[in-house]
Amino acid sequence: MAQQIEASRRGFLATASAALGAFTLGFRIPGAAAQGATVPEINAWVVVKPDDSIVIRIARSEMGQGTLTGLAQLVAEELNADWSKVTTEYPTPAQNLARKRVWGNMSTGGSRGIRESHDYVRKGGAAARMMLVQAAAESWGVPAGECRAANSTVTHAASGRTASYGSLAAAAARVTPPTEVTLKDPREWTIAGKPVPRLDTVDKTNGKQVYGADLKLPNMLNAAIRDCPVFGGKLRSVDEAVVANRRGVRKVLRVGDSAVAVVADTWWQAKSALDALPIEWDEGPNAEVSSASIAEWLKAGLDAPEAAVGNRAGDAKAAIGVAAKTVEAVYAYPFQNHACMEPMNATALWTADRCEVWTPTQNGEAALAAASEAAGLPPSKCEVYKIHLGGGFGRRGAVHDWVRQVVEIARQMPGTPVKLLWSREEDMLHGRFHPVTQCKLVGGLDAQGNLTGLTMRISGQSIVAGIFPQNIRDGRDPVVFQGLNPGGEEAAIGYGIPNILIDHAMRNPHVPPGFWRGVNLNQNTIYLECFIDELAHAAGRDPLEFRRALMTRHPKHLAVLNAVAERAGWGTPAAPKDGMPVHRGLAQTMGFGSYVAACAEVSVSDAGELKIHRIVAATDPGHAVNPQQIAAQVEGSFVYGLSAALHGECTVAKGRIEQENFDSYPVLRLDEMPAVETILLPSGGFWGGVGEPTIAVAAPAVLNAIFAATGKRVRTLPLRHTDLRRA
Amino acid sequence: MAKLNINGQVHEVDVEGDTPLLWVIREQIGLTGTKYGCGIAQCGACTVHVDGVATRSCTLPVEAVTEEQKIVTIEGLSPDGRHPLQQAWVALDVPQCGYCQSGMLMAAAALLAENPKPTEADIRAGITNICRCGTYNRVLAGIQRAAGETGARG
Ligand code: FES
Ligand code: FES
């Protein structure tokens, strides 16, 4: 039986790979002829086929952010490859484990895809190039130093001989890998650093791209699931007789102690049966919790004596005590759902001695660990095949709750592949939510309007405590101060404030938190950048000048801020739009290793209608691998950030999330999308991420512009709760 | 038993009459380019053409569709993937994750069929699909580019 499945699965893989091109499910599946198993790799990163096509292996996951193309560019650059011949494939997590993690970390989050692997992937490309050159030199009996590699061809100029990479690949695979490789100066790049088109676009325009939700395996059944809507609650009972005779229904299963799944021939049958299934929950004590009770608890944290310090210099409280003027404000940021367009899903096939899972994941190795644990089998007997994601945004990275579920289902149906697809409602109710926090800020200004002291107390949830509690040391969450740290290469504050105290009173509600694109940089930047604007206003100073005065020792932060101010025309009045005055707002921050700033231009009508006309954004990511894709990430970041700022909010009633679909969780659409001008300022010498940092400046730039337009400070998000009508 | 004309081919399917067209297309016909995003006509990921009209197939029961009605999915938008919109999408690298893009393209194609020279305001009002990756500005540019090319070709 297992044999048969194995054979049919191979058949599927071969067909899928042949028919769908870009759909590569791992490259060395035994017997999968379509994978070109006869071609030996030159090294872990590079395979060159006899027809000169090049397969570059990508360990990180493609979820829209373009990392597949960017990483391939870096390898191809050092390989001196003919870019038109480049394709990609994912190595599998189990292969990575079996080969002592030759592909390094597979985790794709924190905007790390390129910035944390550029060095070793480029070295992989360079080493492969050297081996190809060596193979050519040996076959011609000439010194390797006399040969040149360019455009997938090795040339020996003196004798006029040339050889294509494809003809050299077999010999190159036998060459001893070099121990030392020198990487190119990025100024010499011809493939990397260029706005080359993505490698995965065509299949995303014709319906051919296969997502996890689209997967089909022979004899596969489909599952729909409902987990107790109150986090921490349990499944008490189901009356499965009610649905047992429905067409297509195969099984009603308990999944863990809190969920029930219906398995049927089609997903629609499974989902409709689940909707008809009487379920009783034991909701437990969390059913008492509401948004109001959480807000009360966080509010108490704003003045609680206990707090973990993130940034301290001088004596902020004393400085504020003697200040000529003090300003105080409290801000709040709600839970958000990632709301990936493709709901969580995975397909699993379990037998007593093997478990295989196909899933869109940001972290193949974490998915493998989750599968192994749920399967009751060691990782060496499990495999995960990664599929391009229909959005990730952090939801599909650290926690693989849906993988655990699908394996628990498949385990109850040995030998039958089962695809689990969450409904949108399940996805909304069982997110890993952007953490909820409040923040109290107090600033002291001297008689000249200089900021002499700042305290910033954050009260609320810790993502790390919820997901990696082992990383909490002495009650301190190391990630909670993103963008506020005193220094470092990751997420440092951009202001030199002589007396400062930033701390965090941890308050963890029962709603599970997650890494939500931009993570803690989002709310921290809203709090700080809106409050800096408040201080500038209180000091009677221009918000740009006020910031500049505090940024003399932060030249990279300042450079992006200056860039947006200059491009937007800060200091000169904006031209009216549609007869309405246009006002500007600024924000800057540093996160994920990059420096970003934005200037927003908005108008607000007498009726309180907000229109965001234009955003100018600047990014210094150190090195820019694909400028047009960085622009795409910057544009997308405004959608994600403004969506949350304008509309996004998950509220809690009776212990459960109230928003179940896009009707109650509205998101930004084309009608509200501003024009975005992206300025790319790669200053070199470091590698920053681009998928996330810009999200953080989207909201504060707009909120500061709204203040300029209306005199109203919006301190509680989302904005739709605030009446912007002129008083 | 329902008869459906999808991409010019007639299919007989044996499903409950209240099954949404989306799931018949995906599960019975096996065309998975049309996506599920919300199931309540909010996101547009499931957009197909029914007699040329952009239709959110997740809330359209299959029993409400007749054999005479012509259904077109992303797989049938063009024979070779070279509809002016598809070409514009490739030229501008519109998709990010791509999951919403079948629906975007089908919505855009219906818009252009009805209004070959849409203004920016027409496009902003006419395309109400959700893209969480945030491709809206390139979607806008892609539609404008395709509209320009349609015009250029007369
Ligand atoms: S799935 Fe039909 S509109 Fe969202
Ligand atoms: S491209 Fe990802 S949702 Fe639109």
Side-chain angles (χ1 to χ4, degrees), chain A residues 62-66 197-198 200-211 213-214 216 222 247 265-269 271-272 338-343 388-393 421 423-425 628-629 632-633 635-640 643 661-663 667-673 675-676, chain B residues 15-16 18-20 22-24 26-28 30-40 42-43 45 73-78 80-81 83 85-87 89-102 105 123-140:
Chain A
E62 179 56 54
M63 51 188 160
Q65 84 283 38
R198 293 173 67 118
D200 55 347
T201 293
V202 172
D203 283 357
K204 292 177 174 177
T205 64
N206 56 22
K208 283 190 181 151
Q209 178 70 57
V210 173
Y211 298 85
D214 305 329
K216 276 175 268 184
N222 289 273
R247 190 169 168 191
D265 293 342
T266 70
W267 187 78
W268 182 254
Q269 290 167 337
K271 197 252 180 199
S272 331
H338 297 82
C340 306
M341 280 311 294
E342 179 192 25
H388 286 352
L389 293 72
F393 313 125
L421 170 65
S423 65
R424 174 59 58 193
E425 289 77 12
Q628 64 101 348
Q629 280 302 301
Q633 285 305 296
E635 287 163 25
S637 291
F638 283 103
V639 177
Y640 218 66
S643 208
N661 209 318
F662 291 117
D663 52 348
V667 296
L668 195 90
R669 299 177 196 239
L670 183 52
D671 60 341
E672 293 181 313
M673 181 66 195
V676 175
Chain B
V15 290
E16 307 293 323
D18 60 357
T19 306
L22 168 66
W23 293 102
V24 176
R26 288 180 56 81
E27 305 202 293
Q28 269 79 29
L31 295 174
T32 54
T34 308
K35 303 302 184 199
Y36 164 72
C38 69
I40 58 166
Q42 276 285 323
C43 75
T73 70
I74 183 71
E75 291 88 348
L77 179 61
S78 64
D80 53 1
H83 184 283
L85 282 163
Q86 288 169 315
Q87 293 190 50
W89 253 233
V90 171
L92 300 178
D93 256 356
V94 172
Q96 291 189 26
C97 84
Y99 193 81
C100 72
Q101 297 296 338
S102 299
L105 282 159
I123 298 170
R124 286 182 181 275
I127 303 296
T128 58
N129 297 33
I130 294 174
C131 173
R132 289 290 287 157
C133 295
T135 62
Y136 297 125
N137 284 349
R138 290 193 186 192
V139 166
L140 176 65

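Below, read A as the first sequence line, B as the second, and so on, with proteins coming before strands; counting in each chain starts at 1. Values below: all heavy atoms of this structure, side chains included; hydrogens, waters and symmetry mates excluded.
- Separating the CZ atom in B/R26 from the NZ atom in A/K216 is a distance of 8.5 Å, to the nearest 0.5 Å.
- Highest contact tally toward chain A, considering only B/C97, B/G126, B/C133, is held by B/C97 [criterion: heavy-atom pairs under 4.5 Å].
- Panel note: side chain B/Y99, backbone A/C340; no donor-acceptor pair is recorded below 3.5 Å.
- How far OH of B/Y36 is from CH2 of A/W268: 8.0 Å, rounded to the nearest 0.5 Å.
- Separation of atoms CG (A/N206) and CD1 (B/I74) is listed at 7.0 Å; rounding is to 0.5 Å.
- Of the two parts of A/S643, only the side chain, counted from C-beta on, holds a non-hydrogen atom closer than 4.5 Å to a non-hydrogen atom of chain B.
- For A/D671, the side chain to side chain contact (heavy atoms under 4.5 Å, CB included) test picks out A/R669, with sequence neighbours left out.
- A pairwise comparison of heavy atoms in A/G207 and B/S102 identifies CA-OG, 4.2 Å as the closest pair.
- Interatomic distance, A/D200 CG to B/D93 CG, rounded to the nearest 0.5 Å: 8.0 Å.
- Considering only heavy-atom pairs separated by less than 4.5 Å from chain A, the leading option among B/L105, B/I127, B/I130 is B/I130.
- Both the backbone and the side chain of B/E16 come within less than 4.5 Å of a heavy atom of chain A.
- When each of B/R132, B/Q86, B/R124 is scored by its heavy-atom pairs under 4.5 Å with chain A, the top score falls to B/R132.
- Chain B forms the most heavy-atom pairs under 4.5 Å with one residue out of A/V667, A/V639, A/D214, A/L389, and that residue is A/D214.
- Only the side chain of A/F393 comes within less than 4.5 Å of a heavy atom of chain B; its backbone N, CA, C and O stay farther away.
- Within the model, atoms CD of A/E342 and SG of B/C100 stand 12.0 Å from one another, a figure rounded to the nearest 0.5 Å.
- Listed for the B/K35 side chain is no donor-acceptor partner under 3.5 Å among the backbone atoms of A/G390.
- With hydrogens and angles ignored, the 3.5 Å screen pairs no side-chain donor or acceptor of A/R424 with any backbone N or O of B/G39.
- Ranked by heavy-atom pairs shorter than 4.5 Å toward chain B, the options A/G391, A/A675, A/A632, A/P343 are led by A/A632.
- Counting heavy-atom pairs under 4.5 Å between each of B/G33, B/P95, B/G81 and chain A puts B/P95 at the top.
- Between chain B and the residues A/H338, A/K271, A/Q269, the most heavy-atom pairs under 4.5 angstrom are made by A/H338.
- Ranked by heavy-atom pairs under 4.5 Å with chain A, the first of B/L92, B/N137, B/N129 is B/N137.
- Across all non-hydrogen atoms, the minimal contact from A/F662 to B/G37 is CE1-O, 4.0 Å.
- At a 4.5 Å heavy-atom cutoff, the contact between A/M341 and chain B is made by backbone and side-chain atoms alike.
- The shortest heavy-atom contact between A/K204 and B/Q96 is NZ-O, 2.7 Å.
- Interface residue A/Y640: only side-chain heavy atoms are found under 4.5 Å from chain B.
- Only the side chain of B/E27 comes within contact range of chain A, judged by heavy atoms closer than 4.5 Å.
- Neither the backbone nor the side chain of A/Q65 comes within contact range of chain B; no heavy atom of the residue lies under 4.5 Å from a heavy atom of that chain.
- In this structure, chain B has a heavy atom under 4.5 Å from the side chain of A/N222, while its backbone stays farther away.
- In this structure, A/T266 and B/Q28 approach most closely via the heavy-atom pair CG2-NE2, 3.8 Å.
- Annotation: side chain to side chain contact (heavy atoms under 4.5 Å, CB included) contacts of B/V90 (sequence neighbours excluded): A/T201, A/V202, A/T205.
- Of the atoms belonging to B/I123, heavy atoms from both backbone and side chain fall under 4.5 Å from chain A.
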- Item | B/Q42 vs A/N661, side chain to side chain donor-acceptor pair (under 3.5 Å): CA-CA, chis, key distance, verdict | CA-CA 8 Å; B/Q42 276 285 323; A/N661 209 318; over 6 Å; no
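- Heavy atoms closer than 4.5 Å to chain A are found nowhere in B/V24, neither backbone nor side chain.
- Contacts between B/W23 and chain A at a heavy-atom distance below 4.5 Å involve the side chain alone, from C-beta outward.
- Only the side chain of B/A45 comes within contact range of chain A, with at least one heavy atom under 4.5 Å from a heavy atom of that chain.
- Using a 4.5 Å cut-off between heavy atoms, B/L77 makes no contact with chain A at all.
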